[in-house]
*Asks:* 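This is the structure I want to talk about, given as structure tokens.
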Amino acid sequence: MCGIVGYIGNLDSKEILLKGLEKLEYRGYDSAGIAVMNDNGVQVFKEKGRIADLRNIVDEDVMANTGIGHTRWATHGVPSTVNSHPHQSNSGRFTLVHNGVIENYDILKREYLQGVVLKSDTDTEIIVQLIELFVNEGLNTEEAFRKTLTLLKGSYAIALLDAENDETIFVAKNKSPLLVGLGETFNVVASDAMAMLQVTDQYVELMDKEIVIVTKDDVKIQTLNGEAISRDPYTAELDASDIEKGTYPHYMLKEIDEQPLVMRKIIQKYQNDNGELTIDQEIVRAMNDADRIYIIAAGTSYHAGLVGKQFIEKIAKIPVEVHISSEFGYNMPLLSEKPLFIFISQSGETADSRAVLVNVKEMGHKALTITNVPGSTLSREADYTLLLHAGPEIAVASTKAYTAQIAVLSILAEVTARSRGLEIDFNLVQELGIVANAMEVLCDAKEEFEDIARKFLSTTRNAFFIGRGIDFYVGLEGALKLKEISYIQAEGFAGGELKHGTIALIEDGTPIIALATQESVNLGIRGNVKEVVARGANPCIISMKGLETEEDSFIIPEVNEILTPLISVIPLQLISYFAALHRECDVDKPRNLAKSVTVE
Ligand code: M6R
């Protein structure tokens, strides 16, 4: 959460910083700011709202070759101009942007900054005031920066300007992501390579507790103790078109439409020359060595994990538990003797999941991360990684990552099962190919989903999603999608569970979205629909071909029963999208949210 950028070179930095922040807006978008530095000192422009609002207040006439910028998701202090970054020390000499949370900021404030007047409610301002304090006590900027960093507890990606040295950006990282980008006559820093792809595709990854002195011609990476570190750059393999909306009105719609393509890419990436699905043998060994698998994830990734449990238990016959990462830390179950942990995370940066990863690694357990972002924190810190190959997902509402996670989990289950000599009565490559085609059919039926959204969701306050078995898990995802972007209060339930309490909420016209894609529970879920209809509910039944009845609102094409979540979710994604659109919500950037949740 929060994104930072920095530029030092020969060009005017304003536009580069603003464009960079636009690409990072997915990380937070309640306020934003830039600070630019030239011979006349540092000028700060910051504003509550979006980057577009910030653009309106930036003075076009100021020319500066060095600058830093920030887009915020508020943690400490309300979204406001005063709380937005950059923050400045009281003399105005030091200016700083920060992504992360300083857990001991209150202690530091009491211990070191008693006499200092703080302007904002943020944890960040403490950092910049401490640097000034230590400089006033006689340290130079680099020493003061180092000393401050050693006092901080928590997470940070920091870029610092010193008005008395317009040739340097001081940078540091711990737990929050940060890259340094390299150019011929400039260097940049960014939370994500996407931000600075406009100027370079060469990046150096920073590790925790590293400090970097960035000038226009040089990048010096050091440990906090000052030991020099040398690290080769890598080429960011991002295509500019991957991160543009193109002709789509929203990233979410583009990403929904990309799902058939992503399925085909996953098949191709995980297929060997004989056409068989394959994954790294070390991962297969780790799966086979485990007596129980623990899937750890949050939000949509947790929902994908619930589906993954079905695959791994049914196909590979290994017991699986699925846990919400933020709960696991406090409420760890009794672990089996030989656990394997699987972390599912689109971003690979989710702090709740990372906290569990750090913990289980300390306990000596093996961990596999399934992520969309190579080199992300969760990928680096786990023993093994499986990539989603879904391309950047920019809309806050996760869509193509969810289906990619499920597809990769199905491959993991299939390859493990084969290695155990278990019989599999379907060809997964073919079945995933059928899924990709079915996805296309669904993506082409947008008008029907728009009608459904209008009919069922245009004015309602709430909505319920019901299903049984694997459909229940997809219902949970449907409810999350709808609530996060349309603000309709939506909940997913196991069909049979409604009458144990929630049915009390059913009123005349309450929309119930029921999934009926599984033969074994078809009668059961239809019985549940009858129960709510008898109490006035307005049912929207989404069934699979072969199980349909006349009362159904939409019939999805037939695919292998165990893979139905890959396609039954698409109507739910599209219905949510259109519901949000009708209600004039900001589809790609829903209120209070951010794409990667890097605070616990
Ligand atoms: O990057 P991650 O997959 O770890 O993110 C987990 C959740 O924050 C994420 O899935 C969130 O629930 C999405 N906004 C849902 O659309």
Side-chain angles (χ1 to χ4, degrees), residues 1 3 25-29 73 176-177 191-192 250-253 255-256 259 295-308 322-328 341-357 367-382 385-388 390-406 408-409 465 473-474 476-488 490 492 569-570 572-577 579-580 585-600:
M1 310 184 114
E25 234 182 346
Y26 73 90
R27 301 181 67 87
Y29 37 82
W73 186 86
S176 300
S191 302
D192 183 329
H250 298 100
Y251 280 108
M252 183 178 176
L253 196 61
E255 289 159 7
I256 291 173
Q259 291 176 105
I295 294 182
I296 311 290
T300 288
S301 298
Y302 169 72
H303 296 153
L306 293 171
V307 176
V322 190
H323 292 271
I324 294 172
S325 49
S326 58
E327 283 293 304
F328 193 89
F341 284 83
I342 300 184
F343 291 84
I344 308 179
S345 174
Q346 186 285 131
S347 62
E349 300 295 345
T350 298
D352 290 326
S353 300
R354 188 197 181 219
V356 180
L357 174 59
L368 158 69
T369 291
I370 300 181
T371 182
N372 202 22
V373 185
S376 57
T377 307
L378 284 165
S379 165
R380 277 202 320 269
E381 295 180 356
T385 297
L386 288 176
L387 290 177
L388 299 180
E393 189 183 66
I394 291 164
V396 165
S398 185
T399 53
K400 63 177 178 172
Y402 171 77
T403 44
Q405 287 162 343
I406 291 176
V408 169
L409 284 160
F465 290 72
Y473 301 144
V474 180
L476 292 176
E477 174 57 10
L480 175 60
K481 220 74 313 163
L482 184 64
K483 73 179 125 186
E484 77 178 318
I485 60 169
S486 74
Y487 318 139
I488 294 171
V569 76
I570 293 181
L572 308 189
Q573 295 169 344
L574 283 165
I575 291 168
S576 302
Y577 172 79
C585 299
D586 189 339
V587 174
D588 283 340
K589 297 192 189 93
R591 70 183 178 207
N592 304 340
L593 290 170
K595 182 71 180 164
S596 59
V597 184
T598 54
V599 292
E600 277 176 62

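Atoms within a ligand are numbered from 1 in the order they appear, just like the ligands themselves. Computed over heavy atoms, backbone and side chain alike; hydrogens, waters and symmetry mates excluded.
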*Asks:* Any chance the side chains of Thr403 and Gln259 put a donor and an acceptor closer than 3.5 Å?
*Replies:* yes
*Asks:* For ligand 1, is any non-hydrogen atom under 4.0 Å from Lys595's backbone (N, CA, C, O), its side chain (CB onward), both, or neither?
*Replies:* neither
*Asks:* Would a distance-only check, ignoring hydrogens and angles, find a side-chain to backbone donor-acceptor pair under 3.5 Å from Tyr577 to Ile256?
*Replies:* no
*Asks:* Enumerate the atoms of ligand 1 whose separation from the nearest heavy atom of Ser301 is less than 4.0 angstrom.
*Replies:* 2 (P), 3 (O), 10 (O)
*Asks:* Against heavy atoms of Glu484, which atoms of ligand 1 measure under 4.0 Å?
*Replies:* 13 (C), 14 (N), 15 (C), 16 (O)
*Asks:* Does a donor on one side chain and an acceptor on the other come within less than 3.5 Å for Ser376 and Glu349?
*Replies:* no
*Asks:* Mind checking whether Thr300 contacts ligand 1 via backbone (N, CA, C, O), side chain (CB onward), both or neither, at a 4.0 Å heavy-atom cut-off?
*Replies:* both
*Asks:* Considering only the protein, which heavy-atom contact is closest to atom 1 (O) of ligand 1, and what is its distance?
*Replies:* Ser347 OG, 2.6 Å
*Asks:* How long is the span from the CD1 atom in Ile344 to the CG atom in Leu388, to the nearest 0.5 Å?
*Replies:* 9.0 Å
*Asks:* Taking only heavy atoms of Ala298, which atoms of ligand 1 are found under 4.0 Å from at least one of them?
*Replies:* 6 (C), 7 (C), 10 (O)
*Asks:* Identify, by atom number and element, the atoms of ligand 1 in contact range of Ser345, meaning under 4.0 Å from any of its heavy atoms.
*Replies:* 1 (O), 2 (P), 3 (O), 4 (O)
*Asks:* What is the distance from atom CG of Leu378 to atom OG1 of Thr350, rounded to the nearest 0.5 Å?
*Replies:* 6.5 Å
*Asks:* With only distance considered, is Gly348 within less than 3.5 Å of ligand 1 through an N or O on each side?
*Replies:* no
*Asks:* Report yes if some N/O of Gln405 lies less than 3.5 Å from some N/O of ligand 1; otherwise report no.
*Replies:* no
*Asks:* Which atom pair, heavy atoms only, marks the closest approach of Val373 to Ser379?
*Replies:* O-CB, 4.2 Å
*Asks:* Is it true that the side chains of Tyr29 and Asp586 contain a donor and an acceptor less than 3.5 Å apart?
*Replies:* no
*Asks:* At a 4.0 Å threshold, what atoms of ligand 1 neighbour a non-hydrogen atom of Ala397?
*Replies:* 16 (O)
*Asks:* Which residue holds the protein heavy atom closest to atom 5 (O) of ligand 1, what is that atom called, and what is the gap in Å?
*Replies:* Thr350 OG1, 3.4 Å
*Asks:* I'd like to check Gln346 versus Lys595 (side-chain heavy atoms, cut-off strictly below 4.5 Å). Are they in contact?
*Replies:* yes
*Asks:* At a 4.0 Å threshold, what atoms of ligand 1 neighbour a non-hydrogen atom of Val597?
*Replies:* 8 (O)
*Asks:* Can you tell which part of Lys481 has a heavy atom less than 4.0 Å from ligand 1: side chain, backbone, both or neither?
*Replies:* side chain
*Asks:* Identify which one of Glu477, Lys481, Glu393 satisfies the side-chain hydrogen bond (donor to acceptor under 3.5 Å, both in side chains) criterion when paired with Ser398.
*Replies:* Glu393
